[in-house]
Undergrad: 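I have a structure here, written as structure tokens, and I will follow up with some questions on it.
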Amino acid sequence: MLDDLTRVGCIARFSVALVAACGALLASPSRAGAQAQPDDASRAAGRDIGTAGVEAFQRGDFVAASSELEKAYLVLKVPSVGLWSARALAKLGQLVKASERYREVTLLSPTEGNVAIQKQAQQDAASELSELTPRIPSIVMQVEGGSAALALSVDGVDVSTALLGVPRLVDPGKHVVQARDGARQTSAEVTVAEGESKPLALSFQPAGSLANPGPAPAPSGPPADTGNHPGLGTQKTVALVAGGVGVVGVVLGTVFGLESKSKHDDADKYCTGSACTDARGVTLKSDARSAGNVSTAMMIVGGVGLASGVTLWLTAPKTGSSAQVGIGLGSVRLCGAF
């Protein structure tokens, strides 16, 4: 209920101010030469539009409020209408325009009609302007490599190059700054928050080069093999694989060979000479023969793999790479610079 009463009170005071403003316009024919005065129908329409704008503001619909109050201010350029228009602009984040509207309101001359209401609106505008000013962000632009023909724009709006190095007020959010110097151009984006001031430096490429070429696009596929680059070639890669297989074969052959010998030694505990009647001895001798056969096969595979790997490596064309293969029991080590 209190909110409703406050809203009604604001709208009522605003309506009174509009009526007083219209009376001032009617009672001041001496100012007609300075600014064309609206007729009675236009004044009535402006008053209705302004009231609708204030109602929209009270509902929180600041887009509609700003639209209506802008139109009303064009018809009735009085402090009370301008004050509400500035408030709506500030709510929309248009802080720079809102500050200018507040400042314009303080410079109006409410000398006719209900002067008290209009002066109060001006006092409110001055107070709200002082609160708004610290919230307005700014950017400090610098351009390197420009000439006397340099042109500057912010968000597509041309600005004077005299503003270089000077804080320029902007609304919170993202902004695009572009500099042009003849055929050359460069641009940059900057994002600022309320109350923030950011430097922004732009630089032209040297004359004769492309302006802002940007990073080179990444290749869409693997690079072509020119046959003249460092790294392992196909033959050396195969040589390493063959060598690896050979090393594994030798390691496994050694392991199974040691296992075969161990089982033979254990079998001799249960057998006399070549004859063996003890079941445990027979089993151990059989396991020893199996391990020995596997060891022999692994040694053959290992030998062939190592021989093939060494041959392929030594006969491969030089590619600017070097490698060393280290072999140890149960391990393979490959070191190299490619």
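We use all heavy atoms of the structure for the numbers below, so side chains are in, but hydrogens, waters and symmetry mates are not. Keep in mind that this is a model prediction, so the values were computed, not measured.
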Undergrad: Output the distance between atom CG (Leu200) and atom OG (Ser138), rounded to the nearest 0.5 Å.
TA: 11.5 Å
Undergrad: Starting at CG of Leu129, measure out to CZ of Arg103 and round the result to the nearest 0.5 Å.
TA: 5.0 Å
Undergrad: Working to the nearest 0.5 Å, report the span between CZ of Arg184 and OG of Ser147.
TA: 6.5 Å
Undergrad: In the single-linkage hydrophobic clustering (I, L, V, M, F, W, Y; side-chain heavy atoms under 4.5 Å), do Val250 and Ile300 co-cluster?
TA: no
Undergrad: Looking only at non-hydrogen atoms, find the nearest pair between Ser153 and Gly156 and report the distance.
TA: CB-C, 4.3 Å
Undergrad: Side-chain heavy atoms nearer than 4.5 Å, only ILVMFWY residues, links allowed to pass through others: does that put Leu69 and Phe62 together?
TA: yes
Undergrad: Could you go through Leu95 and Glu194, starting from their C-alpha distance and side-chain angles, then the distance that decides it, and tell me whether this counts as side-chain contact (heavy atoms from CB on, under 4.5 Å)?
TA: CA-CA 9 Å; Leu95 305 189; Glu194 284 193 10; 4.3 Å; yes
Undergrad: Are the charged groups of Glu100 and Lys97 less than 4.0 angstrom apart, N to O?
TA: no
Undergrad: Assigning hydrophobic clusters by single linkage (Ile, Leu, Val, Met, Phe, Trp, Tyr; side-chain heavy-atom cutoff under 4.5 Å), is Leu152 placed with Val96?
TA: no
Undergrad: Looking at OG of Ser42 and CG of Leu74, how far apart are the two atoms once the value is rounded to the nearest 0.5 Å?
TA: 12.0 Å
Undergrad: Tell me the closest heavy-atom pair linking Leu202 and Ser187, and the distance in Å.
TA: CD2-CA, 3.7 Å
Undergrad: So which heavy atom on Ser66 is nearest to which on Leu89, and how close?
TA: OG-CD2, 3.6 Å
Undergrad: Which pair of non-hydrogen atoms, one from Gln94 and one from Asp171, has the smallest distance, and what is that distance?
TA: C-OD1, 3.4 Å
Undergrad: Please confirm whether the backbone N or O of Ala307 pairs with a side-chain atom of Thr311, one donor and one acceptor, at under 3.5 Å?
TA: yes
Undergrad: Please check: side-chain N/O of Thr51 versus main-chain N/O of Arg47, any donor-acceptor pairing under 3.5 Å?
TA: yes
Undergrad: State plainly whether one hydrophobic cluster holds both Val177 and Leu163, where clusters connect Ile, Leu, Val, Met, Phe, Trp and Tyr through side-chain heavy atoms under 4.5 angstrom apart.
TA: yes
Undergrad: Where do Val140 and Ser197 land on the side-chain contact (heavy atoms from CB on, under 4.5 Å) test, with the steps shown first?
TA: CA-CA 7 Å; Val140 182; Ser197 180; 4.1 Å; yes
Undergrad: Quick check on side-chain contact (heavy atoms from CB on, under 4.5 Å): which of Ile139, Val190, Asp155 does Val170 satisfy it with?
TA: Ile139
Undergrad: For the residue pair Ser99 and Leu132, what are the closest heavy atoms and their distance?
TA: N-CD2, 3.7 Å
Undergrad: Please check if the side chain of Gln122 supplies one atom and the backbone of Leu108 the other of a donor-acceptor pair under 3.5 Å.
TA: yes
Undergrad: Give a yes or no on this: more than 12 heavy atoms of other residues, nucleotides or ligands lie within 6.0 Å of atom NZ of Lys91.
TA: no
Undergrad: Nearest 0.5 Å, please: how far is OH in Tyr102 from CD in Glu131?
TA: 8.5 Å
Undergrad: When you measure from the side chain of Ser127 to the backbone N and O of Asp124, does any donor-acceptor pair fall under 3.5 Å?
TA: no
Undergrad: Are Leu92 and Leu83 connected into the same hydrophobic cluster when the rule is that any two of I, L, V, M, F, W, Y join if their side-chain heavy atoms are below 4.5 Å apart?
TA: no
Undergrad: For the CZ atom of Phe204 and the CG atom of Asp181, what is their distance to the nearest 0.5 Å?
TA: 5.0 Å
Undergrad: Could you tell me which non-hydrogen atom of Pro172 sits nearest to which non-hydrogen atom of Ala193, and how far apart they are?
TA: CB-C, 4.4 Å
Undergrad: Answer yes or no: is there a donor N or O on one side and an acceptor on the other, between the side chain of Thr296 and the main chain of Gly292, under 3.5 Å?
TA: yes
Undergrad: Is the shortest heavy-atom distance from the side chain of Lys77 to the side chain of Glu104 under 4.5 Å?
TA: yes
Undergrad: Would you say the side chain of Val248 lies within less than 4.5 Å of the side chain of Met298, judging by non-hydrogen atoms?
TA: no
Undergrad: Less than 4.0 Å between a side-chain N and a carboxylate O, is that true for Glu70 and Arg101?
TA: yes
